[in-house]
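See structure below.
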Amino acid sequence: MYNVPTQQGKLVVVTGSNSGTGKEAARRLAGAGAHVIMAVRTPAKGEDAKQEILSHYPDAQLDVRHLDVADLSSVKMFAETLLAESRPLDLLLNNAGVMAPPQRIVSVDGFELQFATNFLGPFALTLQLLPLLRAAKAGRVATMSSSVAAVGSIRYHDLQRERHYVPYLAYAQSKLADLLFAQQLARVAHQRHWDLMSIAAHPGFTRTNLLTAGASLGGGRQRPAWMTKVMHLASQGVVPGTEPLLYAATSPDALSGAYYGPGRLFGLVGPTTLVRVPRSARHDGDATRLWSVAEELTGVALDND
Ligand SMILES: NC(=O)c1ccc[n+]([C@@H]2O[C@H](COP(=O)([O-])OP(=O)(O)OC[C@H]3O[C@@H](n4cnc5c(N)ncnc54)[C@H](OP(=O)(O)O)[C@@H]3O)[C@@H](O)[C@H]2O)c1
């Protein structure tokens, strides 16, 4: 098991930390001494998760705050509150995500829900928190992508999937966008000589609510028993599933701009390893184009410093 180095004195934000890999990351980081801000869209769920973590680590410093990453006004409010507190932010874990709602859903800002939740919100959040991340010594942003990014493409002519909505392709687009973003942020940080790393991770196939949340997002999905069995065999629990994200967030050996995920069974399970960035995410031109589009859509842009 990956050992999280001491996080004493560090301030960390983990989005979507009431369940799955986000909750596990919050637990492990708090256990290593970090002060963790659990950024969740439903504070009551966040409080339950906090109590669960406290049962493991009674001295854990945990602070539940409301953040709906699919709502740009919520992102702005969350970031402004942190900025007003002026405490350097050592780590931001862009973990919250939704997968493949059967019907196309639109966020309050009018964007396709997966693009809004998985990419535009984290993009806006990260840029707004940059002053705090840059104020930290060796600040880091770890962004959760997915192995399905490899089959994704950015459909610039139909980014919001209005013309043709295929749930998993819309998900793959949003996760490819995460990977392009994480790498571009690393390049920007390098070019501007910032003391900031940006690293991507994916959890392989990890048994979390994500795999069952389709129903709550608008349509029940019954799986045949054989499929459930196969899924179980080719998947892993949340503890190993969170390790790539924790490695990206805390390992002194992790490289800025790199991508980490499980190393066995085609990347579905296993110990954390450096993952080859898929062809779809290798072009700097795609990353800069997507960055400009995201700035335009979110109204949040990089300062010229
Ligand atoms: N599990 C896998 O096999 C797998 C594979 C590839 C990538 N991933 C990625 O891993 C990340 C974590 O997912 P998970 O597997 O741990 O699933 P999960 O247990 O469903 O966790 C997702 C978290 O995101 C939160 N969330 C969703 N929409 C949000 C919003 N608008 N604002 C704030 N929080 C929001 C959820 O909150 P609620 O509880 O309130 O819904 C939940 O806490 C996601 O980015 C996902 O795409 C997972």
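When a ligand or atom number is given, it counts from 1 through the structure's own listing order.
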Heavy-atom distance to atom 6 (C) of ligand 1: which of Ser146, Ala149, Ala201 wins? Ser146

Hydrophobic cluster membership, with links at side-chain heavy-atom distances under 4.5 Å among I/L/V/M/F/W/Y: are Leu180 and Phe115 in one? yes

Of the choices Gly204, Pro244, Ser74, which has the non-hydrogen atom that lies closest to atom 5 (C) of ligand 1? Gly204

Charged N to carboxylate O under 4.0 angstrom, Arg65 versus Glu85? yes

Test item, Lys45 contacting ligand 1 (heavy atom, 4.0 angstrom): yes

Here's one to test your reading of the geometry: is the NZ or CZ of Arg289 within 45 degrees of the ring axis of Tyr156 and under 6.0 Å from its centre? yes

Which one of Leu113, Val69, Thr208 has a non-hydrogen atom at the shortest distance from atom 32 (N) of ligand 1? Val69

Quick one: sort the Phe123 and Phe119 rings into parallel, tilted or perpendicular, breaks at 30° and 60°. tilted

On a heavy-atom basis, I'd like to know which of Ser174, Ser19, Gly261, Ala49 is closest to atom 42 (C) of ligand 1. Ser19

With sequence neighbours left out, what residues match Tyr57 under side chain to side chain donor-acceptor pair (under 3.5 Å)? none

4.0 Å heavy-atom contact, Asn118 with ligand 1: no

Would you give me the side-chain donor-acceptor pairs under 3.5 Å for residues 257-274, sequence neighbours excluded?
unit_1	atom_1	unit_2	atom_2	d
Tyr259	OH	Ser146	O	3.2
Tyr260	OH	Leu255	N	2.9

Should the proximity of Lys175 to ligand 1, defined as any heavy atom under 4.0 Å, be assigned to the side chain, the backbone, both, or neither? side chain

For ligand 1, which part of Pro203 has a heavy atom less than 4.0 Å away: the side chain, the backbone, both, or neither? side chain

Region of Thr117 engaging ligand 1 - heavy atom pairs below 4.0 Å: side chain

